[in-house]
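Numbered from 1 within each chain, the chains take letters A, B, ... in sequence-line order.
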Amino acid sequence: NAGVTQTPKFRILKIGQSMTLQCTQDMNHNYMYWYRQDPGMGLKLIYYSVGAGITDKGEVPNGYNVSRSTTEDFPLRLELAAPSQTSVYFCASHPGTAFDYGYTFGSGTRLTVV
Amino acid sequence: GQNIDQPTEMTATEGAIVQINCTYQTSGFNGLFWYQQHAGEAPTFLSYNVLDGLEEKGRFSSFLSRSKGYSYLLLKELQMKDSASYLCAVKGRDSSYKLIFGSGTRLLVRP
């Protein structure tokens, strides 16, 4: 049981480039989330999804886009990368059926924009 | 809006007890979570409180007072491996299960 898998683990982008961060889960969780974590800080919610075909903005959505065509996959797209997007990105999932169940997090993608 | 405050850093001695506080102001509240995050790793779920009182899980306990907008995480019999960041997170009333996180408290356990 792989849980939540994120790829790539590391990436260096040049300013203005674009990329997609991949996230897939094999637990049949309906709810998925993208967070970013800047050094020494907590997690900020970028986008989330409560099921296939449904996405919504979080606290810091500017500069990002998401899609949710299947239950398993929730990719995050960065268009026109900027240095302010240098961060660690975590994908997480939740079954949406139990209040006391914590998120399952992926291992993260460390992104540097230069 | 939501605001969550935690101390930035704490230091404690191996074998001792430490209490990490979290205060929150939210427009809607439906639970408070604590996560542990070791350097370079993803957060892992520690505890969940939705009603007032103390929840105990082995060496870790978490307390909630909804009227005061206050929670704490209590770590007993500290071990070196407890050196990590501890994140407080609040769940709102909507059905999305999205969490708003505090900035985290970095705990250093010394021998």
Crowded around [X] [atom1]? As in, over 12 foreign heavy atoms under 6.0 Å?
X        : atom1 : result
B/Leu108 : CG    : yes
B/Lys57  : NZ    : yes
B/Met10  : CE    : yes
B/Glu77  : CD    : no
B/Arg110 : CZ    : no

- Query: Would a line drawn from the ring center of B/Phe101 to the ring center of A/Tyr35 be shorter than 6.0 Å?
  - Reply: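 When the ring centroids of B/Phe101 and A/Tyr35 are compared, they turn out to be within the sub-6.0 Å range.
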
Shortest non-hydrogen pair, A/Ser107 vs B/Ala42, comes out as CA-CB, 4.4 Å

Between A/Tyr33 and B/Lys98 the two heavy atoms that sit nearest each other are CE2-CA, 3.7 Å

Using 0.5 Å steps for rounding, measure from the [atom1] atom of [X] to the [atom2] atom of [Y].
X       : Y       : atom1 : atom2 : answer
A/Met41 : B/Thr8  : CE    : OG1   : 9.0 Å
A/His29 : B/Tyr97 : NE2   : OH    : 11.5 Å
A/Tyr48 : B/Ser96 : OH    : OG    : 4.5 Å

- Task: Look at A/Gly40, A/Ala92, A/Gly96 and state which one has the largest set of heavy-atom pairs under 4.5 Å with chain B.
- Result: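 Most pairs with chain B among the choices: A/Gly96.
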
Transitively linked via ILVMFWY side-chain contacts under 4.5 Å: [X] with [Y]?
X       : Y        : value
A/Leu76 : A/Phe10  : no
B/Tyr72 : B/Phe45  : no
A/Tyr47 : A/Leu111 : yes
B/Trp34 : B/Val18  : yes

| request: Sort B/Gln6 into side chain, backbone, both or neither according to what part of it lies under 4.5 angstrom from a heavy atom of chain A. | output: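 No part of it gets close to chain A.
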
When the 4.5 angstrom heavy-atom criterion is applied to B/Leu99 and chain A, the contacting part is both

- Evaluate the ring planes of A/Tyr103 and B/Tyr35, with Trp represented by its six-membered ring, and classify them as parallel (under 30°), tilted (30 to 60°) or perpendicular (over 60°). tilted

Given B/Gly102, B/Gly31, B/Gly40, B/Pro43, the one with more heavy-atom pairs under 4.5 angstrom with chain A than any other is B/Pro43

So what's closer than 4.5 Å to chain B heavy atoms on A/Phe90: side chain, backbone, both or neither?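 When you check distances to chain B, only side chain atoms of A/Phe90 fall under 4.5 Å.
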
Turns out that what part of A/Leu43 lies under 4.5 Å from chain B's heavy atoms comes down to both

